[in-house]
Amino acid sequence: MSSIPKTEQSASSQGFRKTGEQAISQSPLHPRRRSRRIMVGPVPVGGGAPISVQSMTNTVTADINATLQQIAELAAAGCDIVRVAVPSQDDADALPIIAKKSPIPVIADIHFQSKYVFQAIDAGCAAVRVNPGNIRKFDQVGPEICKAATDAGISLRIGVNAGSLDKDIYARYGGPTPEALVASALKEAHMFEDVGFHDFKISVKHHDPVTTVQTYRLLASKGDWPLHLGVTEAGPSWQGTIKSCLAFGALLAEGIGDTIRVSLSAPPVEEVKVGCKILEYLGLRQRHFDIISCPSCGRAQVDVIELAKEVTEGLKDITAPIRVAVMGCIVNGPGEAREADLGVASGNGKGQIIVKGKVVQTVPEDQIVPTLLERAKEIAAQMDAKAAAQGETLPEAGPMVVPVTGRAS
């Protein structure tokens, strides 16, 4: 006998579910905010579900092969949900194939043309991102969009960016303040709720991390909607990573946020890598390969920077949760290496290889990297085998989330 409720069985037969598995992911820092759960294809969002990582393709969506290739790369990096732009009829026409062949749920990103919303729903997209503020005659087509989404069993994403704030609200609040962004989001939410539609998440993005935190805090206090976190127009990779880490770290540490996108002026796969690591280091996603390496300083007797780069590159495809320490002197080196699964304490033209706290080998400096890589792969294989024996899985690629049993608080 299936444990899925009848209402869920009906939606599942169409490829989508109204409610997700009751897996709960808690933060070690703070209880998760209570939010209602929606589904983006098979991925649950909100209601304590594991926080998902999103990104957006930068290909022309009408180029189906290029778009699917990039989606595959994003999925391999750990992306849970992908968004594709639909600014033209050619892009809308490509959606049925993309939605069918994508390994992860596809969200259609639509502005201005409401007809593309209906096409995206018919195409089998898992969700649609709509901006009521720039959809022509939304007060007329909004109820039809909600009905179509309900009939298809899909969810929507609404919300506002600082750069697209309603002119009247902008004037009333004197700019894209947290109060203005939340007022705009609430206005949009009520448009949907007034016609009985509740399967949506909200985003309120700003380019400034402090304003972003203040805005999401305020919005979180107003209702139980699932929240999509993002710092919009965050900038180049290094700058955008810092902004996103600051904003997401503050919010997720308070239990706020159900899904995230790191917005970078960089290849989309870099967004996913940063997003996954943010969740890993906050204890919200199972850790994969991690490297500990000391900063460059006058005590270092080897080129730690180059050693760390070579080890990281050599182990980039490892998915087992192995921690490797690359240390450059005897002050902190032996101690840090003992705390890792594998490490090296370097100096005087050689390196002490340490496994599980014990020195097992001393090698010349030019053999440090190959020796570390060989032993790291052996340890990773042992971890994989142990996990398999215990009935767990350590996937070769793609997202990995380990829910924590219990209820959302």
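Numbering starts at 1 and runs along the sequence shown. Everything numeric in this text was worked out from a predicted model, so none of it was measured.
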Subject >> CA sep, side-chain torsions, deciding dist, call: L219, L186, side chain to side chain contact (heavy atoms under 4.5 Å, CB included) >> reply: CA-CA 8 Å; L219 180 60; L186 293 179; 4.1 Å; yes

**OP:** Show your reasoning for whether side chain to side chain contact (heavy atoms under 4.5 Å, CB included) applies to L218 and E179.
**Re:** CA-CA 8 Å; L218 181 59; E179 294 77 13; 4.2 Å; yes

**OP:** Evaluate side chain to side chain contact (heavy atoms under 4.5 Å, CB included) for R33 paired with Y216, printing each intermediate quantity in order.
**Re:** CA-CA 12 Å; R33 164 182 169 267; Y216 276 102; over 6 Å; no

**OP:** Mind running side chain to side chain contact (heavy atoms under 4.5 Å, CB included) on L181 and H206 for me, showing each step along the way?
**Re:** CA-CA 9 Å; L181 292 167; H206 197 282; 4.1 Å; yes

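Between D168 and R172 no salt bridge is recorded (no basic side-chain N to carboxylate O distance below 4.0 Å). A salt bridge links E270 with K273: at least one charged nitrogen is closer than 4.0 Å to a carboxylate oxygen. Look at D258 and R37 and you find no salt bridge, because none of the NZ, NE, NH1 or NH2 atoms lies under 4.0 Å from a carboxylate O.
Here the side chains of R36 and P226 are in contact, with some heavy-atom distance below 4.5 Å. Looking at V40 and T259, their side chains never come closer than 4.5 Å, going by heavy atoms from C-beta outward. Put simply, the side chain of V369 reaches to within 4.5 Å of the side chain of L307, judged on heavy atoms. Between P103 and I71 there is a side-chain heavy-atom pair separated by less than 4.5 Å. Between C125 and L95, the closest side-chain pair of non-hydrogen atoms falls below 4.5 Å. Counting heavy atoms from C-beta outward, I292 and E339 have side chains that stay 4.5 Å or more apart. You'll find the side chain of F118 stays beyond 4.5 Å of the side chain of I110, heavy atoms only. Counting heavy atoms from C-beta on, the side chains of L252 and L279 come closer than 4.5 Å.
Residues A94 and I64 come closest through the heavy atom pair CB-CG1, 3.6 Å. The shortest heavy-atom contact between G249 and L282 is CA-CD1, 4.2 Å. For V106 against A99, the heavy-atom pair with the smallest separation is CG2-CA, 4.3 Å. Of all the heavy atoms in A180 and Y173, the pair that sits closest is CB-CB, 3.5 Å. In plain terms, the two heavy atoms of I154 and F197 that are nearest each other are O-CZ, 4.0 Å. Of all non-hydrogen atoms in I354 and G357, the two that sit nearest each other are CG2-C, 3.6 Å.
A side-chain N or O of S55 and one of E271 form a donor-acceptor pair less than 3.5 Å apart. Side-chain contact of D290 with Y281: a donor-acceptor pair under 3.5 Å is present, judged by distance alone. Judged purely by distance below 3.5 Å, without hydrogens or angles, the side chains of E378 and Q382 never pair a donor atom with an acceptor atom. Between the side chains of Q89 and Q119, at least one donor N or O lies within less than 3.5 Å of an accepting N or O. Residues T67 and T61 have side chains that never bring a donor and an acceptor to within less than 3.5 angstrom of each other.
Judged purely by atom type and a 3.5 angstrom limit, D109 has no side-chain atom pairing as donor or acceptor with the backbone of V84. Side chain of E280 to main chain of H288: a donor-acceptor pair is present (N/O by atom type, distance under 3.5 Å, no hydrogens or angles). T241 places a side-chain N or O within 3.5 Å of a backbone atom of S237 that can act as its donor or acceptor partner. A donor-acceptor pair under 3.5 Å links the side-chain atoms of T150 to the main chain of C146, judged by distance alone.
Remark: D91 CG to T59 OG1 distance equals 9.0 Å, nearest 0.5 Å. Separation of atoms CG (D80) and CG (L74) is listed at 11.0 Å; rounding is to 0.5 Å. Within the model, atoms CZ of R217 and CG of L251 stand 7.0 Å from one another, a figure rounded to the nearest 0.5 Å. One distance of note links OG of S203 with CH2 of W225; it measures 13.0 Å at 0.5 Å rounding. To the nearest 0.5 Å, atoms CD1 (I256) and CZ (R32) are separated by 11.0 Å. For the atom pair CD (Q352) and CE (M327), the distance works out to 13.0 Å, reported to the nearest 0.5 Å.
Residue F289 forms a side chain to side chain contact (heavy atoms under 4.5 Å, CB included) with just one option from D317, V324, T319, and that option is V324. Checked against D341 for a side chain to side chain donor-acceptor pair (under 3.5 Å), the options K356, R323, R375 give a single hit: K356.
Within 6.0 Å of the CD1 atom in I305, the count of heavy atoms belonging to other residues, nucleotides or ligands does not exceed 12. The 12-atom threshold is exceeded at CD of Q239, counting heavy atoms of other residues, nucleotides or ligands nearer than 6.0 Å.
Both the sub-6.0 Å distance and the 45° axial angle are not jointly satisfied by R129 relative to the ring of F200.
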